[in-house]
Amino acid sequence: MTSSSSPSRKMLSKIACNRLQKELAEWQASPPGGFNYKVSDNLQRWVIEVSGAEGTLYAGEKYQLQVDFPEHYPMEAPQVIFMNPAPMHPHIYSNGHICLDILYDSWSPAMTVSSVCISILSMLSSSPAKERPADNDRYVRNCRNGRSPKETRWWFHDDKV
């Protein structure tokens, strides 16, 4: 995904700014294993490098997550996508959209960027096969023009990977 496909964003609220500054300071003091925050001056968009965990299908591979924070974060979930190229995974579409309930219906304001990243790495690590979701082509075709994954009505039916 490129920056041109980002959702239209409003300025962050004071609560969101304070929360993100706190999370960023905690991240810089103690980043979660397997992740590297790419420093920028944009608090509303983070780019995070993900390293595949040893002993998994993704060992030695690196990917990038783009995390876009909405105006009312943490009351509203951030938009999290894999930048191109997205890993081959049964819950990751070729356009970078991630089918993971905590990014949508199961979001809680108690979650942090670190906890989201750990969940994504856990999802990657548990995959028994590198393959796209069965409906990848149809889904990607219907998500043209930068449609946000948050506009999708996800059906969370497979908790095996």
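Given the structure is predicted, the values throughout are model-derived calculations rather than measurements.
Here CH2 of W46 is found 6.5 Å from CD1 of I48. Values are rounded to the nearest 0.5 Å. Annotation: the span from Y73 atom OH to L20 atom CG amounts to 5.5 Å, rounded to 0.5 Å. Rounded to the nearest 0.5 angstrom, E26 CD and T112 OG1 are separated by 7.5 Å. Distance check: N136 CG to E131 CD gives 11.0 Å after rounding to the nearest 0.5 Å. One distance of note links OH of Y139 with NE2 of H97; it measures 4.5 Å at 0.5 Å rounding. Here S106 contributes atom OG and L100 contributes atom CG; the two are 8.5 Å apart, rounded to the nearest 0.5 Å.
The backbone N or O of V67 sits nowhere less than 3.5 Å from a side-chain atom of R45 that would complete a donor-acceptor pair. For D68 (side chain) and V80 (main-chain N/O), no donor-acceptor pair under 3.5 Å exists by modelled atom type. For H89 (side chain) and M123 (main-chain N/O), a donor-acceptor pair under 3.5 Å exists by modelled atom type. Listed for the W107 side chain is a donor-acceptor partner under 3.5 Å among the backbone atoms of P74. Between the side chain of S125 and the backbone N or O of L121, at least one donor-acceptor pair lies under 3.5 Å. Judged purely by atom type and a 3.5 angstrom limit, Q66 has no side-chain atom pairing as donor or acceptor with the backbone of I81.
Scanning all heavy atoms of the two residues, the minimum distance from L57 to S127 falls at CD1-O, 3.2 Å. Closest heavy-atom contact between R132 and P87: NH1-O, 2.6 Å. Shortest non-hydrogen contact noted between N84 and S94 is OD1-O, 4.5 Å. Of all the heavy atoms in G60 and E54, the pair that sits closest is N-OE2, 4.3 Å. Shown here for A16 and E71, the closest heavy-atom pair between the two residues is CB-O, 3.6 Å. The two residues P78 and F69 make their nearest non-hydrogen contact at CB-CD2, 3.9 Å.
Contacts of S51 classified as side chain to side chain donor-acceptor pair (under 3.5 Å), with partners at least two apart in sequence or in another chain: K62. E61 is linked by a salt bridge (Lys or Arg N to Asp or Glu O under 4.0 Å) to K130, counting only residues two or more places apart in sequence or in another chain. Contacts of Y58 classified as side chain to side chain donor-acceptor pair (under 3.5 Å), with partners at least two apart in sequence or in another chain: none. Partners of R141 according to the side chain to side chain donor-acceptor pair (under 3.5 Å) rule, which considers only residues two or more places apart in sequence or in another chain, do not exist here. Contacts of D135 classified as salt bridge (Lys or Arg N to Asp or Glu O under 4.0 Å), with partners at least two apart in sequence or in another chain: R138. Every residue two or more places apart in sequence or in another chain was checked for a side-chain contact (heavy atoms from CB on, under 4.5 Å) with S30, and none qualifies. I118 pairs by the side-chain contact (heavy atoms from CB on, under 4.5 Å) definition with P32, not counting sequence neighbours. Y37 pairs by the side chain to side chain donor-acceptor pair (under 3.5 Å) definition with nothing, not counting sequence neighbours.
Applying the salt bridge (charged side-chain N to carboxylate O under 4.0 Å, His left out) test to pairs two or more places apart or on separate chains, none has a residue in residues 32-41. The side chain to side chain donor-acceptor pair (under 3.5 Å) analysis of residues 13-22, with sequence neighbours excluded, yields the pairs R19-E23. Residue pairs satisfying the salt bridge (charged side-chain N to carboxylate O under 4.0 Å, His left out) criterion with at least one member in residues 108-122, sequence neighbours excluded, are absent. The salt bridge (charged side-chain N to carboxylate O under 4.0 Å, His left out) analysis of residues 106-116, with sequence neighbours excluded, yields no pairs.
Both L24 and V116 are assigned to one and the same hydrophobic cluster, defined by single-linkage of ILVMFWY side chains at heavy-atom distances under 4.5 Å. Linking ILVMFWY residues whenever their side-chain heavy atoms come closer than 4.5 Å, directly or via other members, leaves M75 and I102 in distinct clusters. M111 and V113 fall within a single hydrophobic cluster, where Ile, Leu, Val, Met, Phe, Trp and Tyr side chains are chained together by heavy-atom contacts under 4.5 Å.
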Practice item. Determine, step by step, whether I120 and F35 satisfy the side chain to side chain contact (heavy atoms under 4.5 Å, CB included) criterion, reporting the C-alpha distance in whole Å, the side-chain angles of both residues, the deciding distance to 0.1 Å, and the verdict. Key: CA-CA 11 Å; I120 289 171; F35 297 93; 5.7 Å; no
Exercise for review: Might you work through the side chain to side chain contact (heavy atoms under 4.5 Å, CB included) test for C117 and V50, ending with a clear yes or no?
Suggested key: CA-CA 8 Å; C117 287; V50 182; over 6 Å; no
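Put simply, the side chain of P31 does not reach to within 4.5 Å of the side chain of N36, judged on heavy atoms.
In this structure, I15 places its CD1 atom where only 12 or fewer heavy-atom neighbours from other residues, nucleotides or ligands lie under 6.0 Å away.
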